[in-house]
Amino acid sequence: MKKENVIVAEELTKAFGDFKAVNAISFEVKKGEIFGFLGANGAGKTTAMKMLIGISKPSSGQATVAGFDVYTQTESIKKNIGYMSQKFALYDDLTVKENITFFGGIYGLSRAKIKEKREQLVSELGLENISNKLVGSLPLGWKQKLSFSVSLLHEPKIVFLDEPTGGVDPITRRQFWEMIYKAADQGTTIFVTTHYMDEAEYCDRVSIMVEGKIEALDTPKKLKEQFKVDSMNDVFLKLARNIE
Amino acid sequence: MSISLSNISKSYKKVKAVQDISFDVEPGELFGLIGPDGAGKTTIFRILTTLLIPDEGTATVAGFDVVEDYKAIRNAVGYMPGRFSLYQDLTVEENLTFFATIFGTTIEENYDLIEDIYVQIEPFKDRRAGKLSGGMKQKLALCCALIHKPKVLFLDEPTTGVDPVSRKEFWEMLKRLQKKGITILVSTPYMDEAALCDRIALIQDGEILDIDTPKAIVSKFPKTIYNVGANNMYKLIQALQSYKHLYSVFPFGEFVHYTDKRDSFQIADLKSYLQNKGLANISIEAAQPNIEDAFMELAK
C-alpha cells in the first residue's frame, strides 16, 4: 500500500545572513501519518515550520505542502492546513459555541456548515452542558481538546501541532492522543513539533533536528534500536551528545 | 523537619486551589511535587515561601512558621518561581550581584555553592539576562536563588519548556546541591522526573493522591500491565475499549497499556479477540508499570 506524500521537502534552507537556521533538510510525510518534528531549543524547528506553513520564504531548496508550492502558492497552503499551539488556543472570553462559530467564519465555512460542525463537535466532545460557558472557565485539558477540534473545522489535509500536550494531566493527554489517532485514521496528516520526548513516542515517524540539520529520521522503535536505548529521551540525549 | 505542612487549604474566590494538604520534607531530602498544570503546585510554593497566606492549616519551613516568622523564612530559603523572574535589563553578573546584595552577602562569599553552575554562564556575564537562551536563563535563576546559601531551595517547574539535554544537566546539578546539605522541594509536570526524587507527592486538583518513594508508588499498582501493539493504533484502542474484560487502556507511545478485570487473564484470548476485530501484527506482553500508570490509577 503506497500512500501519497502530503509534505515533500528537498534541501530546504533558510539563512539569516551567514547563519543557516535550517540547513538543506529533506523529508517526506505521508497522508494520514503522525510525524514528529523534534529538536532542542534553537535547533531550527520553528523556522522550518514557518516555511512549511507559508509564512516565511525559503532561501533555497524546494517544498510542497498539500501539493502546493511554498514559494508561490502560500495562500492555498494556508487554506489546506490547520494549526494548534499550546500557547495560542481559543478566545477565553467567548463561549465554546462562539469560538467554534468564530473560527468557522475565519476558515470561510458557510453558515449551514458552521452550524452542522458546531453541533457535531459539541456532541462528539460531550460538551452539551457547557457549550454556552466561556472557554476561559474550562480546565486546560478541555481547552486543548476543543482547540484541536477547532483546528480541524475546515477539514484540512494537514494539522500542525506545536507542543500540544505540555502540562496536561496524564489521562487527558491520552484522550488527546486518541483524538489525534482518530484524525490520522481518517486520513488527516498530523505534524507535531515538540521537545517533549514523551510526545515523540506516539508518532509514526520522527525526525530530530540538531543545529539546522535533520540528524535522524525513522520510527521511534527503529531509532531506539539504532541507538540501543529504551526511550526517545535517551535517543535525543545520545544524538545531541554525539554532535557535540 | 525542613518543611512541614499540616492541613493546608487555600481558595481563590470559588476555586479551591489546594485542599487539606499535609506532608513533611526531611532535612537534605530531594522531594518532588508531581502533577499537571492547575494541580495546586504553585500555590503550595507561594504559601511555603510566605508570598501567600493559607486559609486554613499551618506550615513551617526550616523551623519557622510561614505566617508568624515570615521574615526569617525569607532569609533561609531560595525560590526559583516558574516564570523567569530576573531583571531582563540587567546583565548576568548584575543580576547575581543584585540578589547577593539584598541578602547582605557577596558573590565571593558563597561562590563555592554556585561555582559549577556559574562557570557555565560566566562567559556571558556581560550579556543582558533577557538575551539568554532558555537553558542559560534557568542556570542564572538557580544561581540567584542560591547566592545567599539557603537551607531550603524551592524550585517551581524549573525544567518546563527546557529541552532534554538541559533538563538532564539541571537534575545533575540538583543532585550535587543535595549532597551539599540543601533540602530541595521541586515541582514538575514530567512524570519521568519523579524517579529522580527521593520521595514524591502526586497531586491533582488541589489534592494529594499519594506520597512515597517513586519505587513504592509504582509497586502499589494493583494490576498487571500488558503492552499491546497492532497495525492500527486507533482501531486497537477502539477494540480494547469495547472488550468486556477491560479494566483500563491508555496509549503509551508505540503501545497501549492494557489491564484486565480478571485474575485469570490469558494473552491468547485477547489476541484472538483482536484478530477477530480485524487487527494484525498483534503483540501482547507483560510490562512494568511506571509513575504515569500509578498516577492515572490514583486519579481515576
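Given the structure is predicted, the values throughout are model-derived calculations rather than measurements. In the text below, chain A, chain B and the rest are named by the order of the sequence lines, each starting its count at 1.
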Sequence neighbours excluded, the answer for ring-ring contact (aromatic ring centres under 6.0 Å, His included) partners of B:Tyr258 is B:Phe265

Side chains of B:Asn232 and A:Asp185: is there a donor and an acceptor less than 3.5 Å apart?
-> yes

Side-chain donor-acceptor contacts of residues 224-231 of chain B below 3.5 Å, not counting sequence neighbours, with atom names and distances?
unit_1   : atom_1 : unit_2   : atom_2 : d
B:Asn227 : OD1    : B:His257 : NE2    : 3.2
B:Asn231 : OD1    : B:Ala280 : N      : 3.0

Note, A:Arg173 side chain near B:Glu292 side chain (heavy atom, < 4.5 Å): yes

Is A:Val168 close to B:Asp37 at the side-chain level, that is, under 4.5 Å between some pair of heavy atoms? no

For [X], look at atom [atom1] and say whether over 12 heavy atoms of other residues, nucleotides or ligands are found less than 6.0 Å away.
X: A:Lys221; atom1: NZ; answer: no
X: A:Asp230; atom1: CG; answer: no
X: B:Lys220; atom1: NZ; answer: yes
X: A:Lys228; atom1: NZ; answer: no
X: B:Lys223; atom1: NZ; answer: yes

Under a 4.5 Å heavy-atom criterion, the part of residues 156-165 of chain A in contact with chain B comprises none

Against chain B, residues from residues 198-209 of chain A with at least one heavy atom under 4.5 Å, in numeric order, are A:Glu201, A:Tyr202

Heavy-atom distances under 4.5 Å only: say whether [X] touches chain A with side chain, backbone, both or neither.
X: B:Phe252; result: both
X: B:Pro36; result: both
X: B:Glu254; result: both
X: B:Phe295; result: side chain
X: B:Glu297; result: neither

Working to the nearest 0.5 Å, report the span between [atom1] of [X] and [atom2] of [Y].
X: A:Lys182; Y: B:Ile237; atom1: NZ; atom2: CD1; result: 12.0 Å
X: A:Asp169; Y: B:Met296; atom1: CG; atom2: CE; result: 9.5 Å
X: A:Ile171; Y: B:Gln204; atom1: CD1; atom2: CD; result: 6.5 Å

Hey, mind stepping through A:Glu178 and B:Gln241 against side-chain contact (heavy atoms from CB on, under 4.5 Å) and telling me if it holds? CA-CA 12 Å; A:Glu178 285 173 28; B:Gln241 279 170 343; 3.3 Å; yes

Shortest non-hydrogen pair, A:Tyr181 vs B:Gly253, comes out as OH-O, 3.5 Å

Comparing B:Val256, B:Thr188, B:Val162, B:Thr160 against chain A, the one with the most heavy-atom pairs below 4.5 Å turns out to be B:Val162

With a 3.5 Å distance limit and no angle check, can you tell me whether A:Arg174 reaches the backbone of B:Pro251 through a side-chain donor-acceptor pair? yes

